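First comes the structure, then the notes that go with it.
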Amino acid sequence: MAQQGVTPQSEDFSRWYTDVVQKADLADYSPVRGCMIIKPYGYELWEAVRDGLDWRFKETGHKNAYFPLFIPESFLKKEAEHVEGFAPELAVVTIGGGKELEEPLVVRPTSETIIGWAFQKWIQSHRDLPLLINQWANVVRWELRTRLFLRTMEFLWQEGHTAHATHEDALAETMRMLGVYADFAINDAAIPVIQGRKSQQERFAGALNSYSIEAMMRDGKALQAGTSHDLGQNFAKAFDIQFTDESNELQYCWTTSWGVSTRMVGAIVMTHGDEMGLRLPPKVAPVQVVIVPIFRKDAEQGPVMDTVNRIFADLKAAGIRVHVDNRDTMSPGFKFNDWEMRGVPLRMEIGPKDVEKNSVALARRDVPGKAGKEFVSQDGIVETVLDRLDDIQASLLEQATEYRNSHLHEVSSSYADFIDVINGGEWALSWFCGGAACEAKVKEDTAAVSRNFPLEQPHPGETGKCIICGGAAHEMAYFAKAY
RNA sequence: CGGGGUGUGGCGCAGUUGGUUAGCGCGCUGCGUUUGGGACGCAGAGGUCCCCGGUUCGAGUCCGGGCACCCCGACCA
């Protein structure tokens with residue numbers, strides 16, 4: 001369905017986001033409050049995320065499996081912190097088949113517990129380890145305040161769950177998967193994420209430590225785009241996941257879990273989008289090239305469409321996701337705007353002049369207006385297109401990196417300066433003791449929290465004074481307002 | 001869950017001190033002309049005015065009560 005433009009990003013970022021998501025046909029509201037309908041174009045984008053992650057999981061030795069949507073309520077209660085963390089947002093089924101259930105069933109908010117139960121059955125010896133499982137699933141968390149893709153009551157994600165013989169192995173896995181997420185985010189989604197460890201306050205309920213990749217949106221806010229948890233032996237003990245080691249001694253496993261959700265789609269939208277709408281990195285774009293045929297009268301239609309069809313076939317054969325916009329009720333100008341709003345990286349215009357001159361017009365989405373438009377030969381068009389797509393992919397990452405770098409500041413001068421940076425809508429990188437009281441104070445003063453202690457510390461080996469309490473700090477952390 | 005706002009064709013809105021056939025723009029359908037940056041003409045279709053109750057000769061409009069959604073704050077991938 002044709003739509004007019006979106007609210008300019010500069011005018012109202014929230015509305016821009018809502019507009020883009022709906023007008024670019026990514027998603028729609030549902031009759032159930034807080035849930036969403038993912039439309040085909042949005043789902044294709046999610047599929048690109050899914051596929052990009054899935055092969056990486058398999059490459060690192062993981063297998064997919066599927067566990068039940070319903071979890072016995074008692075399972076959730078086995079790990080103390082875990083219950084406490086999730087209790088407020090659980091959906092619970094108490095009636096089935098018209099009868100009250102003996103034990104209520106929780107609709108999974110995450111699957112550590114039921115997978116823990118299964119692992120306990122599957123693991124006996126150190127020879128069964130490591131056990132590397134992933135599942136693609138939907139989960140439900142009863143959220144009060146929702147936003148399409150960023151926070152909905154039901155969302156799609158993948159959750160990896162692994163069990164290891166030693167803490168060293170489990171931690172290595174935790175970090176390996178964080179790296180996989182960063183690799184996907186940077187190289188496929190063109191989002192320059194920061195890998196780091198969450199503070200104790202911000203970690204997953206039931207984890208020893210949580211790690212995240214943090215991304216900066218175009219409004220300066222932070223978005224956690226993926227998390228990886230070192231669960232220690234907490235769930236192993238709660239679910240009795242034990243194995244016999246080489247010396248025939250019974251030991252508890254060390255487990256991990258890690259997840260990326262449809263929130264990644266929101267991250268892509270808010271990292272690259274501009275005034276006119278979406279801008280999609282070629283590697284995840286459902287449509288990489290859109291061809292808009294242009295012809296004036298019937299006599300021109302034949303030759304133009306011959307060229308269009310030939311080039312379409314060539315591009316498609318080369319594995320490029322290409323679409324021909326042959327809607328005959330819309331003018332070319334309308335189509336240009338329409339596809340720009342939808343974020344298609346490269347537009348190809350083919351008209352009578354191009355047929356005559358053996359050329360096509362190429363317009364790249366990452367460079368607005370005429371500056372991004374060029375006329376190229378039809379000879380070697382596949383190579384030209386592949387080259388431009390690579391270039392756009394790199395350019396979007398570069399633009400996002402530049403934006404992010406220019407909106408984060410290392411602050412070690414004073415707490416007042418630190419507050420100024422955060423209230424100015426930017427990120428502060430400061431020495432932080434990690435204390436709960438300090439974290440609470442920042443939240444109180446700015447509504448921001450720590451995002452993570454980056455793995456790559458700016459001053460490795462050095463120590464400093466916590467920007468909040470002045471106490472000893474051996475790491476710096478990012479602070480920002482977040483989604 | 002607190003504060004503010006909005007409910008009128010698919011979408012965005014107008015609708016006066018209550019007054020009879022509820023309008024406008026976009027979109028949609030048909031035909032024709034158009035087509036290199038958001039085309040145009042003609043002819044059409046499409047409405048329980050969020051719901052329930054009340055006041056009145058008469059309610060989209062006034063009153064009471066619900067419900068839904070949106071925005072801003074406390075909790076979260």
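Computed from a predicted model, the values in this text were never measured in an experiment. Every chain is numbered from 1 and lettered A, B, ... according to where its sequence line falls, protein lines coming before strand lines.
- Using a distance-only test at 3.5 Å, with no hydrogens or angles considered, a donor-acceptor pair links the side chain of A:R404 to the main chain of A:P192.
- Comparing the same atom, P, in B:rG54 and in B:rC76 gives a spacing of 48 Å after rounding to whole Å.
- The aromatic rings of A:F453 and A:F432 sit parallel, their planes meeting at an angle under 30°, below the 60° perpendicular limit.
- One side chain, A:S199 or A:E439, offers a donor N or O that lies under 3.5 Å from an acceptor on the other.
- Under a cut-off of 6.0 angstrom, the local environment of CH2 in A:W136 is crowded, with over 12 non-hydrogen atoms contributed by other residues, nucleotides or ligands.
- Nearest nucleotide to the A:A447 side chain, out of B:rG36, B:rA74, B:rA77: B:rA74.
- Looking at which nucleotide of RNA chain B each of A:A225 and A:R296 is closest to, the 5′-most match is held by A:R296.
- Mapping A:E202 and A:T18 onto RNA chain B by nearest heavy atom places A:T18 at the nucleotide closer to the 5' end.
- Of the residues in residues 362-376 of chain A, those lying under 4.0 Å from RNA chain B by heavy-atom distance are A:K373, A:F375.
- Stacking between A:W157 and B:rA77 is absent: the ring centroid is not both under 5.5 Å from the six-membered base ring centre and under 30° in plane angle.
- A 6.0 Å sphere centred on CD of A:E275 holds more than 12 heavy atoms belonging to other residues, nucleotides or ligands.
- Atom NZ in A:K23 sits about 15 Å away from atom P in B:rC26, given to the nearest Å.
- A:R141 contributes no side-chain N or O that forms a donor-acceptor pair with the base of B:rC76 under 3.5 Å.
- A donor-acceptor contact under 3.5 angstrom links the side-chain atoms of A:D354 to the base of B:rG36.
- A:M217 places its CE atom 13 Å from the C1' atom of B:rA77, with the value rounded to the nearest Å.
- Comment: A:R310 does not engage A:D306 in a salt bridge, judged by the lack of any side-chain N to carboxylate O separation of less than 4.0 angstrom.
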Q: For side-chain hydrogen bond (donor to acceptor under 3.5 Å, both in side chains), just list the numbers for A:S257 and A:E159, CA-CA rounded to whole Å, side-chain angles, deciding distance to a tenth of an Å, and then say yes or no.
A: CA-CA 7 Å; A:S257 68; A:E159 46 180 326; over 6 Å; no

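- If you take atom C1' in B:rG64 and the same atom in B:rU56, they sit 16 Å apart, rounded to whole Å.
- Under the 3.5 Å distance criterion, with hydrogens and angles disregarded, a donor-acceptor pair is assigned to the side chains of A:T256 and A:T162.
- Separating the C1' atom of B:rU61 from that of B:rG7 is a span of 14 Å, rounded to the nearest Å.
- When the P atom is compared between B:rU33 and B:rC11, the two are found 34 Å apart, to the nearest whole Å.
- Using a 4.0 Å cut-off between a side-chain N of Lys or Arg and a carboxylate O of Asp or Glu, A:K198 and A:E214 qualify as a salt bridge.
- Atom P of B:rG9 sits at a distance of 10 Å from the matching atom of B:rC51, rounded to the whole Å.
- A perpendicular orientation is assigned to the rings of A:F155 and A:W157, their planes being inclined by more than 60° (bins at 30° and 60°).
- Taking 3.5 Å as the limit, the base of B:rG37 and the side chain of A:E349 contain no donor-acceptor pair of atoms between them.
- Rounded to whole angstrom, the span from the CG atom of A:D298 across to the P atom of B:rG32 amounts to 12 Å.
- Of the candidates B:rG37, B:rA77, B:rC72, B:rG37 carries the atom nearest the A:E340 side chain, counting heavy atoms from C-beta on.
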**Q.** Bracket notation of RNA chain B in which parentheses pair within the strand, [ ] cross earlier pairs, and | pairs with another strand (Watson-Crick or G-U, under 3.5 Å)
**A.** (((((((..((((.....[...)))).((((((.....)))))).....(((((..]....))))))))))))....

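- Straight-line distance between the C1' atoms of B:rG3 and B:rA59: roughly 31 Å, to the nearest whole Å.
- Rounded to whole Å, the distance from CZ on A:R147 to P on B:rC76 is 19 Å.
- Proximity of a side-chain donor or acceptor of A:E81 to a complementary backbone N or O of A:A205 within less than 3.5 Å is not detected.
- At B:rA74, none of the side-chain N or O atoms of A:K443 fall inside 4.0 Å of OP1 or OP2 (strictly under the cut-off).
- Taking the C1' atoms as reference points, B:rG25 lies 34 Å from B:rC63, given to the whole Å.
- As a whole-Å value, the separation of A:D19 CG from B:rC26 P is 20 Å.
- No hydrogens or angles were tested; on distance alone, a donor-acceptor pair under 3.5 Å links the side chain of A:S261 to the base of B:rA77.
- For the C1' atoms, the distance from B:rU29 to B:rC67 is 35 Å, rounded to whole Å.
- Between A:S331 and B:rA39 there is a side-chain N or O to OP1 or OP2 distance below 4.0 Å.
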